Amino acid sequence: FPYTTLFRSLLMYMKDYKFKIVFNLENQKKYFKFAYPILFVSIFSWGISFLDRYFIEYFINTEKVAIYAILAQVAGIGQIVGQIYFLYVNPKILKMYEENENNALEYLSKTLKLLGLIFILLALVSFFIPIQIYEILLEPKIISDDYYFYTFIILLIGIFSTVYQTAFSMYLNLFKKLNILSYIYLTAFIVNIIGNLFIIDYGIIAAAISTLAAYLVILLLQIVYVRNYMRSTNNV
């Protein structure tokens, strides 16, 4: 209902701007050829994000799934920084790349360093701020438990990691190497599955660690590939 209302409002305010839907088969083929790896990336990304719930349910119980889901949902607040970054930086980089590739790559490198610094500072602040602040969003008896608190912090760092690796994937987008990203996500998905097997011994914190490890694998493999690619093409 809210989306329908927003759509109708949009149509009302844009009634003076005529538009139509045009289907161009040749263009659709080009778009699909370029972007089809994203389908696999989406599948593996979904698996990394939600498969841990199934393992927790299987190895422990539904109650732990609920606690883990709540912690993960609150940790998702870290995506706000990512949304601001993607909204401002990505369009600018794409435009710059059309005009001057080297300037665009230098700008991307600078913004990634800044984004990484912001996430490090936010992680430190999140760890050291008074626990009472978290009690506004989380049940006090949950977040005051050290085990759950550390799980939450790991999940939060995991959010920062996935936002950062998504931002880093702009390199692969610019180089038109999205197919490489699908293989990288497949590797991370396998790592995540293996890590979730430790839930039976260490509980939900193992799920948080396995998710974080998967995102770090994605980031590290991207860094390795991009560095090798840029050396081979002299884009340094």
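Heads up: numbering here begins at 1 and tracks the sequence. Please read all numbers here as calculations on a predicted model, not as lab measurements.
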With sequence neighbours excluded, what pairs up with [X] under the ring-ring contact (aromatic ring centres under 6.0 Å, His included) test?
{"X": "F44", "answer": "F189"}
{"X": "F119", "answer": "F160"}
{"X": "Y215", "answer": "none"}

I'd like to know whether [atom1] of [X] has more than 12 heavy-atom contacts from other residues, nucleotides or ligands below 6.0 angstrom.
{"X": "F198", "atom1": "CZ", "answer": "no"}
{"X": "Y88", "atom1": "OH", "answer": "no"}
{"X": "Q73", "atom1": "CD", "answer": "no"}

Does a donor on one side chain and an acceptor on the other come within less than 3.5 Å for Y68 and E57?
->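 Absent: no donor and acceptor within the cut-off.
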Where A207 and I199 come nearest, the two heavy atoms and their spacing | CB-CD1, 3.7 Å
Please list, chain by chain and in numerical order, all residues satisfying side-chain contact (heavy atoms from CB on, under 4.5 Å) with A104, sequence neighbours excluded.
->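 Result, side-chain contact (heavy atoms from CB on, under 4.5 Å) vs A104: M96, Y97.
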How would you list, by chain and number, every residue that makes a side-chain contact (heavy atoms from CB on, under 4.5 Å) with A66, sequence neighbours excluded?
-> none
Taking the six-membered ring for Trp, are Y150 and F127 parallel (under 30°), tilted (30 to 60°) or perpendicular (over 60°)?
->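 Answer is parallel, since the angle falls under 30°.
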Should the pair F175 and Y171 be assigned to parallel (<30°), tilted (30 to 60°) or perpendicular (>60°) ring geometry?
-> tilted
Inter-residue atom distance L115.CG - L108.CG, 0.5 Å rounding = 10.5 Å
Which value, rounded to the nearest 0.5 Å, describes the distance between Y229 atom OH and Q222 atom CD?
->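 Answer rounded to 0.5 Å: 14.5 Å.
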Any chance you could pull the hydrophobic cluster mates of L117, using side-chain heavy atoms under 4.5 angstrom and chaining through other members?
-> L121
Compute the ring centroids of Y183 and F40, then answer whether they are less than 6.0 Å apart.
-> no
